[in-house]
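Throughout, a chain's letter reflects where its sequence line sits, starting with A, and its residues are numbered from 1.
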Number of protein chains: 2
Amino acid sequence: MSVQPHSSARPTLEDVAAKAGVSRATASRVLNASPRVSPEAHEAVTAAVVELGYQPNHAARALVTRRTGAIAVVFSEPEPKIFDDPHFAWLIRSAARSLSDVDVQMVLLLVHSPEDMARAERFLAGGHVDGALMFAPHKGDQLPAVARRLPLPVVYAGRPWGPLRGLHLVDHDNEGGGVLATEHLISLGRKRIVSVTGPLDEHSAMDRLTGWRSAVGASEADVALLTEDGGFSRDGGKRAMAALLARVPDLDAVFVASDLMAAGALDALREAGRRVPEDVAVVGFDDHPMIAPHTSPPLTSVQQDTSNQVKHMVTHLLRLLREEPIKARREVLPTVLVRRASA
Amino acid sequence: MSVQPHSSARPTLEDVAAKAGVSRATASRVLNASPRVSPEAHEAVTAAVVELGYQPNHAARALVTRRTGAIAVVFSEPEPKIFDDPHFAWLIRSAARSLSDVDVQMVLLLVHSPEDMARAERFLAGGHVDGALMFAPHKGDQLPAVARRLPLPVVYAGRPWGPLRGLHLVDHDNEGGGVLATEHLISLGRKRIVSVTGPLDEHSAMDRLTGWRSAVGASEADVALLTEDGGFSRDGGKRAMAALLARVPDLDAVFVASDLMAAGALDALREAGRRVPEDVAVVGFDDHPMIAPHTSPPLTSVQQDTSNQVKHMVTHLLRLLREEPIKARREVLPTVLVRRASA
DNA sequence: CACCGGCACGAGAGCGCTCTCACGAGGGGA
DNA sequence: TCCCCTCGTGAGAGCGCTCTCGTGCCGGTG
């Protein structure tokens, strides 16, 4: 019989406005929470939106606002790291959640090689995203330099290497955490406290070591004797622990700079016949929810709330995008000691 | 008020056309590789694009073509799985790479809970993406049902549960792989071949078991005696191997349905004092590049090329999006045995 | 009573692109 | 010679949204 104009098509703002008996402009005002709308109009539009199941057309909005509604999440990290370390999966998950909470699309960029870097730069320069969250902890990483010449707001996780001038970042108090962990071991009466460190080309690993060092009052020579790099991997942690055991047979406590390495360290201690915590007290770092509670014995660990960190990064970036005043370029989140059975 | 975000005035197609001395329509034709363009016009436009550093405005294009240029990658999987199993990181990486190769944005959706599912459904229904790649292997997963009522092209990895009618999927020949592995063990002269399976609420685990079963000619009772579920986790693999060792002391070979579990099984065998491959031959599954070559001894494994699978999924989905004729709704990729030291 | 400022709202102009359509030039068949 | 295709091209109409302006109405002020 008669033609149905928009029966199958997705409703547009025009349809909503018509149904609500207002103009498109007013409907738009309601959707964008403009204050200059009468309560009646507001209610009518809201009702029409619900009734029609209206969803704003993202492309049309992006076209006029010059905002894509998407941000890039960039990991610059050698490939094995990303796959070994559950920390990364956790970061990705946190980012996915934080961003979908605020209705922003996440575009994941994994940079393993120079070609990846070039591709990422092209993408970021292409105007596909409004901003970026960057994870580039390693010394010598090109990403910060690349990002610097892009007209794109960026928030870093932790301190990248190179000049910090003008950078926005959200870090954890790694040094404070190192102190916390070590002082806890001291308060337990431990006398010979060693440390398995992360790779020292990352500030976070460096800071944790600095925390341990200041708490035990270690000299340069002590550092060489009492610490070993475990590379932030499980196997590395095991190897480093074994090395320390060989070098410092009378050790009675160890601060391990990540839970994953701590899991490896526990393996090494077990194989060496040392009881935890009776013979050797162990404190990890991260309080990773998939690791710390599940080791045997459960791991005492310095908590850094990663999902909170990512949430802060997102909030910070959104504020940057809205050109709101920024309280501080750099945020440092606190770390807390979570006690379990290992120390 | 109206401050331009990146006021360095990105060139538009109009600018390109002006510089090339043609109309916007012709410039657009060149960019979209239309055949109806003279060589001279083509060259002039191409030169202008390069000179101006022109990048098409994605939003404007999306608005008129009604294509977002983005697709969703959805993982429906309990949370620990995603973080334990390097297979997932590998899948995510493969997807990220395959999609950026074809210049499509990837939106990652992780579904762990009913709320996540609702959120994902809303997102997918919201027209933010042109299609979706789905990883939902578990029995009882709601995702396929949700996807079915969405007007969105979807390609699955492996066979989801529930009716397959109308679904597009790219699977591996898991059963064939199981046969391959087991026949290899038989050809080695092994007589007592057991299997550590994956969770049998996944078709892939089921199929691998079926392959083993048909190769050894196992009865129902044999299955109960000679196989054990390792849950696709490393610890699970270790536990399952230990259980089999206790139940079938004279076993001389094992087919383990994933490399991660196989790594655990090797631990169990080592702890039990069995030499690999002398006492017990071990074949894994996945040929995971981060695991199989690095176990001791290196793992003989059935290769399933995950990145190839994802690439096929992407190709298939793009074909769906272009409404090109599809050869087959379901693709089954071959599996190959990769020999190393463990069998 | 005239005036003015504030407020809610509508008209309409784009944002940058694709795609339809119409048009002129050139070539081949009648 | 004329007609009709074909082919390359340009003009222009939107896609669905935001946002600036202008307008009419209200209450408060001089």
Rounding to a whole Å, what distance do you find between B:R10:CZ and C:dC15:C1'? 13 Å
Distance test, side-chain N/O of A:S28 to OP1/OP2 of D:dT18, below 4.0 Å: yes
Atom CZ of A:R165 with >12 non-hydrogen neighbours under 6.0 angstrom: no
A:S38 side-chain N/O to C:dC9 phosphate OP1/OP2 under 4.0 Å: yes
List the residues meeting salt bridge (charged side-chain N to carboxylate O under 4.0 Å, His left out) with B:R61, not counting sequence neighbours, and say none if there are none. none
Nearest-0.5 Å distance that lies between atom CZ in A:R29 and atom CZ in A:R36: 10.0 Å
Rounding to an integer number of Å, can you tell me how far A:E14 CD sits from C:dA13 C1'? 14 Å
Measuring from the side chain of A:V64 (C-beta onward, heavy atoms only), which nucleotide among C:dC17, D:dA11, D:dC17 has the closest atom? D:dC17
Taking atom P of C:dC15 as reference, at what distance in whole Å does atom CG of B:L13 sit? 14 Å
Look at the side chain of A:R10 and the backbone N and O of A:Q55, then say whether any donor-acceptor pair between them is shorter than 3.5 Å. yes
Could you give the CG-to-P distance, from B:L31 to C:dG16, as a whole number of Å? 15 Å
Does the C:dG10 base have a donor-acceptor partner in the side chain of A:R29 within less than 3.5 Å? yes
Should A:T65 be listed as having a side-chain N or O under 4.0 Å from OP1 or OP2 of C:dC15? no
Using whole Å, report how far CZ of A:R36 lies from C1' of C:dA8. 9 Å
Mind calculating the distance between CG (A:L63) and C1' (C:dA13) to the nearest angstrom? 13 Å
Using side chain to side chain donor-acceptor pair (under 3.5 Å) as the criterion, list what pairs up with A:S100, not counting sequence neighbours. B:R119
May I ask you to evaluate whether B:S23 reaches the phosphate of D:dG10, defined as a side-chain N or O under 4.0 Å from OP1 or OP2? yes
The reported gap from CG in A:L108 to CG in A:L99 (rounded to nearest 0.5 angstrom) is 10.5 Å
Please tell me if A:N32 has a side-chain N or O lying less than 4.0 Å from either OP1 or OP2 of D:dT18. yes
Taking only N and O in the side chain of A:T26, is any of them less than 4.0 Å away from OP1 or OP2 of C:dG10? yes
When you measure from the side chain of B:T12, which nucleotide among D:dT18, C:dG16, C:dT18 comes out closest? C:dG16
Could you state the atom-to-atom distance from CZ of B:R24 to P of C:dG16 in whole Å? 11 Å
Taking the six-membered ring for Trp, are A:F75 and A:F88 parallel (under 30°), tilted (30 to 60°) or perpendicular (over 60°)? perpendicular
Could you state the interatomic distance from OG1 (A:T315) to CZ (A:R319), rounded to the nearest 0.5 Å? 7.0 Å
Rounding to an integer number of Å, can you tell me how far A:Y54 OH sits from D:dG16 P? 10 Å
Reckon B:A59 touches a base, only the sugar-phosphate, or nothing at all at heavy-atom distances under 4.0 Å? nothing
For the helix from C:dC1-D:dG30 to C:dA30-D:dT1, figure out the bend between the end axes, five pairs an end, and round to 10 degrees. 60°
Contact class for B:R66 (heavy atom, under 4.0 Å): base, sugar-phosphate, or nothing? sugar-phosphate
